[in-house]
Amino acid sequence: GWHISLHGFYLQPLGSMGDVFGPGYGGLIGVTRYHTLFSNFNVGIRTGYLTFDTKHDAYDTYFMLPLLVHIEYMIMPFSKFYINLHVSAGASYNSLDISDDFTNKVAGSSIILKDNAVIQPLVMAGISATFVISKSMQISAGCNYSSILEEGRRLDFLAFQFAAGVRIF
């Protein structure tokens with residue numbers, strides 16, 4: 001059947017991304033078709049909003065608007081509990097806004113800063129545990145290792161998630 005789900009995220013930047021950005025948060029909405037090609041294999045799409053705190057005075061905000069294809073495989077050790085192995089991939093509109101205060105400080109210098117908005121590949125892979133509340137409702141929690149694929153480098157972060165979903169038909 002078809003399911004719709006809401007995913008809340010706590011985001012923790014890693015490596016070079018963690019040098020510039022602090023923790024973040026966000027949410028995605030997903031529509032998934034269960035048992036698509038074979039039993040326990042699900043395919044769907046997800047979109048939403050993610051944002052990170054900034055550690056540098058030059059930046060006001062950094063946010064992402066991803067659109068992802070999502071696939072998952074369910075391991076079902078019990079009838080009301082299962083483990084999901086999942087991968088999502090797609091594109092994300094990413095925007096980094098420069099602080100007006102910082103721009104004013106460097107206005108007389110040779111430094112040129114501008115707001116930066118680009119569409120970049122985004123990949124997320126992870127695991128989650130799902131508890132079935134009723135035939136049409138479930139909740140889950142898990143973690144994704146995520147990468148924004150920039151030209152010449154990756155920006156990595158962990159995405160800890162809590163989700164709730166309902167069967168729509």
Side-chain angles (χ1 to χ4, degrees), residues 5-32 41-75 82-107 109-131 138-165:
S5 55
L6 297 174
H7 305 259
F9 287 95
Y10 170 78
L11 309 170
Q12 181 60 52
L14 303 171
S16 62
M17 188 172 191
D19 295 340
V20 180
F21 301 108
Y25 60 91
L28 298 178
I29 186 169
V31 177
T32 305
F41 183 78
N42 309 325
V43 177
I45 59 170
R46 292 188 177 167
T47 190
Y49 175 86
L50 306 173
T51 187
F52 291 90
D53 291 336
T54 60
K55 290 183 174 179
H56 194 285
D57 291 342
Y59 309 127
D60 268 343
T61 58
Y62 179 70
F63 70 88
M64 305 168 59
L65 303 173
L67 179 60
L68 305 167
V69 173
H70 178 80
I71 59 172
E72 65 186 21
Y73 182 75
M74 300 184 306
I75 300 167
Y82 51 91
I83 304 295
N84 288 326
L85 305 174
H86 41 84
V87 176
S88 299
S92 181
Y93 173 86
N94 301 333
S95 178
L96 178 61
D97 296 329
I98 305 301
S99 165
D100 288 338
D101 291 340
F102 190 80
T103 303
N104 292 338
K105 287 179 192 174
V106 297
S109 72
S110 60
I111 299 170
I112 298 172
L113 292 174
K114 62 179 181 174
D115 293 347
N116 185 14
V118 293
I119 295 176
Q120 297 172 309
L122 174 64
V123 178
M124 304 175 86
I127 187 168
S128 59
T130 300
F131 179 71
Q138 58 197 26
I139 57 172
S140 68
C143 182
N144 295 288
Y145 187 90
S146 309
S147 289
I148 301 165
L149 306 175
E150 290 192 331
E151 189 174 325
R153 70 176 181 164
R154 289 188 346 237
L155 297 176
D156 300 328
F157 61 96
L158 292 177
F160 299 96
Q161 74 174 19
F162 180 78

Report task. Taking all non-hydrogen atoms of both residues into account, name the closest pair between K55 and F21 and its distance. Result -> CE-O, 3.6 Å
Requested in this report: Report yes if the side chains of C143 and I127 come closer than 4.5 Å at any heavy-atom pair, otherwise no.
Outcome: no
Query raised in the report: Shortest non-hydrogen contact from I148 to M17?
Result: CD1-CE, 4.0 Å
Report task. First locate atom CG of L28, then atom CD of Q161, and finally report the distance between them rounded to the nearest 0.5 Å. Result -> 8.5 Å
**Report entry** Y49 side chain reached by L65 side chain, heavy atoms, under 4.5 Å
**Finding:** yes
Query raised in the report: Got a second to check how far I75's CD1 is from L85's CG, nearest 0.5 Å?
Result: 4.5 Å
Query raised in the report: Should we count OH of Y25 as having more than 12 external heavy atoms under 6.0 Å?
Result: no
Query raised in the report: Between atom CE of M74 and atom OG1 of T130, what is the distance when rounded to the nearest 0.5 Å?
Result: 8.5 Å
Query raised in the report: So, does T47 use its side chain to make a donor-acceptor pair with the main chain of P66 at under 3.5 Å?
Result: yes
Report task. Starting at CD1 of I83, measure out to OG of S140 and round the result to the nearest 0.5 Å. Result -> 10.5 Å
Query - Heavy-atom pair with the smallest gap, counting every atom of F9 and G27 - result: CD1-CA, 4.3 Å
Report summary line: Heavy-atom nearest pair, S128 first then H86, reads OG-NE2, 3.3 Å
Report task. Please name all residues satisfying ring-ring contact (aromatic ring centres under 6.0 Å, His included) with F157, sequence neighbours left out, ordered by chain then number. Result -> F52
Query raised in the report: So, N144 and S146: side-chain donor and acceptor under 3.5 Å apart, yes or no?
Result: no
Query raised in the report: To the nearest 0.5 Å, what is the distance between OG1 (T61) and CG (L96)?
Result: 7.5 Å
Query - Which atom of G26 lies closest to which atom of L50, heavy atoms considered - result: CA-CD2, 3.8 Å
**Report entry** Residue pair Q12 / P23, side-chain heavy-atom distance below 4.5 Å
**Finding:** yes
Report task. Would you please name every residue forming a side-chain hydrogen bond (donor to acceptor under 3.5 Å, both in side chains) with D156, sequence neighbours left out? Result -> Y145, S147, R154
Report summary line: Residue pairs passing the salt bridge (Lys or Arg N to Asp or Glu O under 4.0 Å) test with at least one member in residues 140-153, sequence neighbours excluded, are E150-R153
Requested in this report: Measure the spacing between CD1 of I119 and CE of M64 and express it to the nearest 0.5 Å.
Outcome: 12.5 Å
Report task. Would you please say whether a donor-acceptor pair under 3.5 Å links the side chains of H7 and S5? Result -> yes
Query raised in the report: Where the side chain of T54 meets the backbone of Y59, is there a donor-acceptor pair that is under 3.5 Å apart?
Result: yes
